[in-house]
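Beneath this line is the structure, given in structure tokens, with notes to follow.
Lettering of chains follows the sequences in order, A, B, ..., and the numbering in each one begins at 1. Please read all numbers here as calculations on a predicted model, not as lab measurements.
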There are 2 protein chains.
Amino acid sequence: MITDMKDSKDSLLDLENFLCFAIYSTANAVTRAYQPRLAALGLTYPQYLVMVVLWERENRTVKAIGDKLSLDSGTLTPLLKRLETAGLITRRRDTVDERQVLIALTEEGRAMRERAEAVPAAMGQAFGCTLEEAKGLRAELMAMRDNLIASIDEAQ
Amino acid sequence: MITDMKDSKDSLLDLENFLCFAIYSTANAVTRAYQPRLAALGLTYPQYLVMVVLWERENRTVKAIGDKLSLDSGTLTPLLKRLETAGLITRRRDTVDERQVLIALTEEGRAMRERAEAVPAAMGQAFGCTLEEAKGLRAELMAMRDNLIASIDEAQ
DNA sequence: TGAAGTTAGATTGCTTGCAATTTAATTGCA
DNA sequence: TGCAATTAAATTGCAAGCAATCTAACTTCA
């Protein structure tokens, strides 16, 4: 059958076969899709994730936020400064261990939580999958993420 | 049972439940994991994707590359200029339709393909899943990506 | 104790990614 | 034909991401 010819295109360098591209491109699409709703709160997507982490538990160090989100200080420091400028968080040196900087929410930052709860609810259907599918996919991706990070760490 | 308590943490704003975060964070991990092998070729991850598209078919317009990768000229123009500076591609105005810019491979760019074939092979096991799982996940993600893009387009 | 090693965060420099705008070329249609 | 709408790239400005490096503070342990 002619349709079997497709398999001959099964090259190692075929974008159509790239799991990495599917992840990359879906991530870009996620950011673009969230943008309008987050812009209404004055947040970017990564800023939103930082706020979610802080709504879970306040008074975290930069390091603790970075561990949660797999981001380093090179990314977080300027992002946190922008959230501070926006009046959503405060940054202060830990008096006990002065290497650390503690991030806390302002009243305004705390108050934003309620409005933010509407975001995942509203985005849910944009993904176009059931809650069960989402859960399964989430678990598979997180396992893969951990594998990738482990492979980076192995290589020192 | 105590373990059932976990369900009470099933908040809408719990990072652990975020499919979007799993996608975001896995994409970051993918880029970091590919980095050492691509650096050996002198490429970044997005540059590698552009090269893959060109190895499939040469002489594409910037628009065609952007359609394949879901990237716009704001991202691609400077990236392509860097690939040109690196001696891997050429950029020339289409004489028939002078709005378009045609991207072709140089001999050097064409020659890189062979070395690049080793990359997906080497990365395969870093993902830590079978080829079957990868295929399934890829398909699910691409479907989700298309849904997200459609939801963006719907909103104009 | 005190020197070496480690850790937290900030900084620098570079490359995405994208919204918004601009320029130039082409198309469509009155 | 000829003017309005559309299209392709480029440009501008900003916010990530991250490698590499730096500084200051803490730990370790000889």
Side-chain angles (χ1 to χ4, degrees), chain A residues 21 24-36 38-39 42-50 60-67 69-86 91-103 148-149 152-153 155-156, chain B residues 21 24-36 38-40 42-50 60-67 69-86 91-103 148-149 152 155-156:
Chain A
F21 172 66
Y24 163 84
S25 194
T26 306
N28 286 345
V30 165
T31 304
R32 289 199 301 272
Y34 273 74
Q35 196 273 336
L38 293 178
L43 294 176
T44 64
Y45 182 71
Q47 288 170 9
Y48 166 69
L49 292 180
V50 169
R60 288 184 195 259
T61 63
V62 175
K63 176 72 163 59
I65 297 171
D67 285 346
L69 300 178
S70 280
L71 295 172
D72 69 5
S73 70
T75 300
L76 284 176
T77 297
L79 186 156
L80 291 167
K81 282 183 179 174
R82 281 187 285 272
L83 288 179
E84 187 183 35
T85 302
R91 299 159 67 238
R92 66 188 161 84
R93 285 273 161 192
D94 186 341
T95 51
V96 177
D97 183 342
E98 293 203 4
R99 289 173 303 180
Q100 301 185 144
V101 167
L102 290 168
I103 308 296
L148 288 166
I149 291 173
I152 298 165
D153 292 345
Q156 270 78 319
Chain B
F21 172 67
Y24 163 85
S25 195
T26 306
N28 285 346
V30 165
T31 305
R32 289 199 301 270
Y34 273 74
Q35 196 272 336
L38 293 177
L43 294 176
T44 64
Y45 182 72
Q47 288 168 8
Y48 166 68
L49 292 179
V50 169
R60 288 183 194 260
T61 63
V62 175
K63 176 72 163 60
I65 297 171
D67 285 346
L69 300 178
S70 282
L71 294 173
D72 68 5
S73 70
T75 299
L76 283 176
T77 296
L79 186 155
L80 291 167
K81 282 183 179 174
R82 282 187 284 272
L83 288 179
E84 187 184 35
T85 302
R91 299 159 67 240
R92 65 188 162 81
R93 284 275 160 192
D94 185 341
T95 50
V96 178
D97 183 342
E98 294 202 5
R99 289 172 304 181
Q100 302 185 143
V101 167
L102 290 168
I103 308 296
L148 287 166
I149 291 173
I152 299 165
Q156 269 77 320

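- Within the 4.0 angstrom heavy-atom criterion, only backbone atoms of the sugar-phosphate kind lie near B/Thr44; the bases stay farther away.
- Under the Watson-Crick and G-U wobble criteria, each requiring two contacts below 3.5 Å, nucleotide D/dT27 is paired to C/dA4.
- Looking at which nucleotide of DNA chain D each of A/Arg82 and B/Pro78 is closest to, the 5′-most match is held by B/Pro78.
- Along DNA chain C, the nucleotide nearest to A/Arg32 and the one nearest to A/Thr61 differ in position, and the one closer to the 5' end is contacted by A/Thr61.
- At the heavy-atom level, A/Thr31 lies nowhere under 4.0 Å from the strands shown.
- Close to C/dA10, at under 4.0 Å from its OP1 or OP2, lies no side-chain N or O of A/Arg99.
- Checking the phosphate oxygens (OP1, OP2) of D/dA16, a side-chain nitrogen or oxygen of A/Gln47 falls inside 4.0 Å.
- Residue A/Leu71 is classed as a sugar-phosphate contact, given heavy-atom separations below 4.0 Å to backbone atoms only.
- Among the protein residues, B/Val96 comes within range of the sugar-phosphate backbone only, with heavy atoms under 4.0 Å from sugar or phosphate atoms but none that close to a base.
- Between B/Tyr45 and the phosphate of D/dG17, there is no side-chain N or O to OP1/OP2 separation shorter than 4.0 Å.
- Under 4.0 angstrom from either OP1 or OP2 of C/dT16 there lies no side-chain N or O belonging to B/Lys81.
- Contact of B/Thr77 with D/dA9 (side chain to base): no donor-acceptor pair of N or O atoms is detected under 3.5 Å.
- Within the 4.0 Å cut-off from OP1 or OP2 of D/dA9, not a single side-chain nitrogen or oxygen of B/Arg93 is found.
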